[in-house]
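Below, chains carry the letters A, B, ... as their sequence lines are ordered, and counting in each starts from 1.
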There are 2 protein chains.
Amino acid sequence: MSPVHRTPQRTAPGDHALSSLPLLLDRTSPVPLYHQLARQLESAIEQGALAPGNLLGNEVDLSVRLGLSRPTVRQAIRSLVDKGLLVRRRGVGTQVVHSKVRRPLELSSLYDDLEAAGQRPTTRVLRNERIPAAADVAAALAVPEGAEVTVLERLRRTRGRPVAFLCNYLPAPLLELPTERLESTGLYRMLRSAGLTLHSARQSVGARGATAGEAALLDEAEGAALLTMERTAYDDTGRAVEYGSHVYRASHYAFEFQLLVRP
Amino acid sequence: MSPVHRTPQRTAPGDHALSSLPLLLDRTSPVPLYHQLARQLESAIEQGALAPGNLLGNEVDLSVRLGLSRPTVRQAIRSLVDKGLLVRRRGVGTQVVHSKVRRPLELSSLYDDLEAAGQRPTTRVLRNERIPAAADVAAALAVPEGAEVTVLERLRRTRGRPVAFLCNYLPAPLLELPTERLESTGLYRMLRSAGLTLHSARQSVGARGATAGEAALLDEAEGAALLTMERTAYDDTGRAVEYGSHVYRASHYAFEFQLLVRP
DNA sequence: AAGTGGTCTAGACCACCGG
DNA sequence: CGGTGGTCTAGACCACTTT
């Protein structure tokens with residue numbers, strides 16, 4: 001990341017970058033109007049047509065220009081404010097945020113993270129079987145002790161080097177997890193394509209020294225610092241869908257994310 | 001955390017727990033009506049008057065009962081959906097989410113975290129001075145190399161034991177940071193009370209072994225696993241407000257947080 | 001004083017889900 | 001089919017910020 005010394009960027013008063021932007025709405029489309037507008041504003045920001053600091057122009061004018069009601073325009077703007085792309089100030093206007101916003105922390109899988117980073121991840125499934133839940137797993141998944149759960153142990157590599165050892169538990173009745181599919185994609189992707197909509201997760205991120213077994217698997221020295229993550233994910237009915245206990249090679253991986261402060 | 005084996009909880013059709021709940025609005029209050037409503041619903045959920053799985057009752061009835069317009073009621077409900085407390089399903093209704101939602105990951109300080117956990121944190125300021133920015137700090141804060149920045153080194157303890165070593169850099173012109181106030185409160189609290197509104201932050205969480213100096217400060221052995229966090233925080237004009245490089249004793253601290261999946 | 005976003009109203013029609 | 005949330009309209013008044 002290189003430092004960027006911005007010249008203070010201001011729009012001339014009364015003018016705004018949006019006025020010269022073509023905004024087209026398709027009222028026959030099934031896509032909501034506010035969403036069409038939000039998408040166009042977002043891409044204008046991404047492509048620099050709306051530069052950081054630019055004022056958006058007031059909502060009333062915009063709604064007149066587009067032939068939309070003001071609440072609809074507000075809904076579009078609100079969605080971008082929620083994403084952190086815009087800032088509204090009463091009495092001032094709506095501005096494009098200066099700092100580059102990357103995606104906020106998501107409930108994404110390591111697989112997606114690595115793939116997005118252009119590193120072709122591979123997975124070796126070390127274990128994939130159904131067992132009765134031990135006490136700790138039962139507690140995490142909120143199922144009775146001894147209930148059948150699927151246990152999954154996977155070793156993830158990128159560019160030939162091991163990056164993480166992943167241990168996951170899922171309520172067995174939830175879905176089938178064929179080993180060959182697990183080796184070609186991420187667990188979370190499989191959950192989504194099985195129609196499970198994840199709603200929330202509780203995570204804990206820590207660190208500890210590698211055990212002998214972990215060291216051997218991950219090609220590290222015993223006692224080397226490992227990043228650990230435990231996570232229980234829930235669907236929108238509140239069912240626990242997955243409990244994972246992962247260790248990452250700290251020398252090869254760190255969690256990076258963007259946080260947004262909600263007012 | 002103890003496992004809770006929930007009995008499937010369903011409201012009788014046509015009935016909903018909200019109907020017996022007193023909801024009072026004060027139209028003379030400066031607090032927006034949608035916010036008054038949201039607050040009351042939220043506390044009803046927290047206190048169990050609205051149990052997980054309960055249907056909220058449809059929006060139209062609720063708006064009639066309260067003498068509000070439907071958009072206003074929707075705005076209240078939307079704010080709770082955004083917080084992860086409620087789930088809306090078209091054709092079904094609005095339900096209280098089953099799983100207990102803790103606060104999502106916030107741009108909070110370690111100080112606040114510890115204090116919220118009931119552990120009285122103490123801070124010793126090891127260094128508090130103004131220096132010219134080195135290249136890496138200048139890059140992180142997006143200021144010219146050599147610009148004056150405040151450097152802060154603090155050792156945080158809880159229950160007499162060291163927990164973290166915190167190193168922070170701030171653009172010097174931003175605010176005064178008297179050492180005595182730093183020892184009695186958190187940095188982020190000071191930023192907020194100085195009128196700075198934080199907007200976003202980029203974080204990176206990793207791990208590594210302790211150096212000899214860190215080991216001595218933190219009462220660990222050399223090479224012991226430490227949790228590391230680097231963060232640059234921005235205000236809503238996009239200015240970098242703070243760059244921090246922290247190390248935590250992994251044996252005493254982990255990051256815990258709740259993630260919400262936004263649809 | 002003028003202009004901005006923040007809140008609120010009283011309707012309307014549509015899309016989706018369940019029985 | 002009836003009931004639900006999802007979208008949308010055309011206004012209104014208020015609170016705040018800047019000039």
Quiz item: Between the side chains of A/T179 and A/N128, is a donor N or O closer than 3.5 angstrom to an acceptor N or O?
Solution: yes
Exercise. Please state whether the phosphate of D/dG6, meaning OP1 or OP2, lies under 4.0 angstrom from any side-chain nitrogen or oxygen of B/R88.
Key: yes
Quiz item: Do B/E176 and B/R130 meet the salt-bridge criterion of a basic N to acidic O distance under 4.0 Å?
Solution: yes
Quiz item: According to a strict under-4.0 Å criterion, is A/T72 in side-chain N/O contact with OP1 or OP2 of D/dT9?
Solution: yes
Quiz item: Hey, does the side chain of A/N58 come within less than 4.0 Å of C/dG3's phosphate (OP1/OP2), counting only N and O?
Solution: no
Quiz item: D/dG11 phosphate, OP1 or OP2: any side-chain N/O from A/S69 under 4.0 angstrom?
Solution: no
Quiz item: Hey, are B/E242 and B/Y234 close enough side-chain-wise for a donor-acceptor pair under 3.5 Å?
Solution: no
Quiz item: What is the nucleic acid contact for B/R74, judged by heavy atoms within less than 4.0 Å: base, sugar-phosphate only, or nothing?
Solution: base
Quiz item: Rounded to the Å, how far apart are B/L62 CG and C/dA10 C1'?
Solution: 16 Å
Quiz item: For the side chain of B/E230 and the backbone of B/S204, is there at least one donor-acceptor N/O pair under 3.5 Å apart?
Solution: no
Quiz item: Heavy atoms under 4.0 Å, any strand shown: does A/P71 hit a base, just sugar-phosphate, or nothing?
Solution: base
Exercise. With heavy atoms under 4.0 Å as the rule, sort B/R27 into base, sugar-phosphate or nothing.
Key: sugar-phosphate
Self-check item: First of B/G93 and A/H35 reached from the 5' end of DNA chain D, by closest nucleotide
Solution: B/G93
